[in-house]
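Here is the structure we will look at, set down as structure tokens.
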Amino acid sequence: LRSRYLPPSQLVVDKSIDHLDDGATGFIARSPLFVLATTSADGTDASPRGGRPGFVRVLDRHRLAFADLSGNNRLDSYTNIVEHGEVGLLFMVPGRGETLRVNGRATVTTDPDVLDVALIDGKRPKVAIVVDVAECYIHCAKARLAVFPLTRLVSSICLDRLKAVL
């Protein structure tokens with residue numbers, strides 16, 4: 001496969017880091033949505049996770065956490081994490097074309113210190129997911145803008161906010 005493609009540029013290689021820098025931490029704090037990708041022996045799962053910006057907490061430069069979010073109780077992502085642990089997270093911020101990619105190893109925890117940090121609307125979750133970051137980088141907007149032009153995305157966000165006010 002590599003023989004069919006040019007090697008990535010040094011700029012592309014260098015943007016991948018093994019920790020959450022200030023830019024990544026800020027992006028996560030502003031993100032109301034990410035997609036969580038997990039795997040199991042049965043296949044792959046990609047699940048959207050949303051909340052108020054800041055619902056994903058950066059614990060330190062190498063770990064982030066998010067609370068158990070009420071859903072359909074299938075627990076696909078959580079059972080996959082227990083089984084394999086490898087995850088990919090794709091963070092999005094409305095009005096921004098770039099996304100933030102975080103890859104790492106996740107665990108399901110009931111650690112009281114983590115649960116206290118990952119409160120949802122003041123409520124302590126049953127469990128939280130902690131991700132040990134292996135790779136983190138900003139992904140350019142080219143793919144998203146081809147499908148969702150930024151002007152249309154911003155207009156949609158503004159319209160949603162206007163509807164909420166009315």
Please list all pairs meeting salt bridge (Lys or Arg N to Asp or Glu O under 4.0 Å) that have one or both residues in [range], counting only residues at least two apart or in different chains.
{"range": "residues 73-83", "value": "Arg74-Asp76"}
{"range": "residues 85-95", "value": "Glu86-Arg105"}
{"range": "residues 106-119", "value": "Asp116-Arg124"}
{"range": "residues 13-27", "value": "Asp22-Arg61"}

Original post:
Distance-only, no hydrogens or angles: does the Ser16 side chain make a donor-acceptor pair with backbone N or O of Glu135 under 3.5 Å?
Top reply: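 Side chain of Ser16 to backbone of Glu135: no pair is present.
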Original post:
Sub-3.5 Å donor-acceptor pair from the side chain of Thr79 to the main-chain atoms of Leu75, do we have one?
Top reply: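 Yes, because the side chain of Thr79 sits within donor-acceptor range (under 3.5 Å) of the backbone of Leu75.
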**OP:** Verify side-chain contact (heavy atoms from CB on, under 4.5 Å) between Leu100 and Cys136, making sure each step is shown before the conclusion.
**Re:** CA-CA 7 Å; Leu100 177 72; Cys136 174; 3.8 Å; yes
Interatomic spacing from [atom1] in [X] to [atom2] in [Y] - rounded to 0.5 Å:
{"X": "Arg101", "Y": "Phe27", "atom1": "CZ", "atom2": "CZ", "result": "12.5 Å"}
{"X": "Asp132", "Y": "Leu64", "atom1": "CG", "atom2": "CG", "result": "9.0 Å"}
{"X": "Arg49", "Y": "Phe66", "atom1": "CZ", "atom2": "CZ", "result": "6.0 Å"}
{"X": "Asp60", "Y": "Arg63", "atom1": "CG", "atom2": "CZ", "result": "4.5 Å"}
{"X": "Tyr78", "Y": "Lys126", "atom1": "OH", "atom2": "NZ", "result": "10.0 Å"}

**OP:** Could you tell me which residues satisfy side-chain contact (heavy atoms from CB on, under 4.5 Å) with Ala37, sequence neighbours excluded, listed by chain and number?
**Re:**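 Applying side-chain contact (heavy atoms from CB on, under 4.5 Å) to Ala37 gives none.
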Original post:
Can you list the residues that meet the side-chain contact (heavy atoms from CB on, under 4.5 Å) rule with Thr38, with sequence neighbours excluded?
Top reply: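 Here the qualifying residues are Leu36, Asp45, Ser77, Asn80, Ile81, Val87.
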**OP:** Taking atom CZ of Arg4 as the centre, report whether more than 12 heavy atoms of other residues, nucleotides or ligands fall under 6.0 Å from it.
**Re:**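 Open: at most 12 neighbouring heavy atoms sit under 6.0 Å from CZ of Arg4.
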**OP:** Classify the side-chain pair His84/Thr39 by whether it contains a donor and acceptor separated by less than 3.5 Å.
**Re:**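 His84 vs Thr39: donor-acceptor pair found between side chains.
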Answer yes if [X] and [Y] sit in the same cluster of Ile, Leu, Val, Met, Phe, Trp and Tyr residues linked by side chain heavy atoms under 4.5 Å apart, and no otherwise.
{"X": "Val58", "Y": "Val133", "value": "yes"}
{"X": "Leu89", "Y": "Val108", "value": "yes"}
{"X": "Val82", "Y": "Ile129", "value": "yes"}

Subject >> Residue pair Pro94 / Pro32, side-chain heavy-atom distance below 4.5 Å >> reply: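 Side chain of Pro94 against side chain of Pro32, heavy atoms only: contact under 4.5 Å found.
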Original post:
Below 4.5 Å, heavy atoms only, C-beta onward: do Pro48 and Leu33 meet side chain to side chain?
Top reply: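 Result yes, sub-4.5 Å side-chain heavy-atom pair found.
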For a quick test of reading the model, state the closest non-hydrogen atom pair linking [X] to [Y] and the distance between them.
{"X": "Met92", "Y": "Leu90", "answer": "CE-O, 3.8 Å"}
{"X": "Phe91", "Y": "Val102", "answer": "CE1-CG2, 3.9 Å"}
{"X": "Ala106", "Y": "Val131", "answer": "CB-CG2, 4.1 Å"}
{"X": "Ala128", "Y": "Leu115", "answer": "N-CD2, 3.6 Å"}

Original post:
Taking ILVMFWY side chains as joined if any heavy atoms are under 4.5 angstrom apart, and letting links pass through other members, which residues group with Tyr5?
Top reply: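 Its cluster partners, ordered by chain and number, are Leu1.
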Subject >> Other ILVMFWY residues reachable from Val130 by side-chain steps of under 4.5 Å >> reply: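 Answer for Val130: Leu59, Val114, Val117.
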For [X], what residues pass the side-chain hydrogen bond (donor to acceptor under 3.5 Å, both in side chains) criterion, not counting sequence neighbours?
{"X": "Thr107", "answer": "none"}
{"X": "Thr110", "answer": "none"}
{"X": "Arg30", "answer": "none"}
{"X": "Arg52", "answer": "Asp121"}

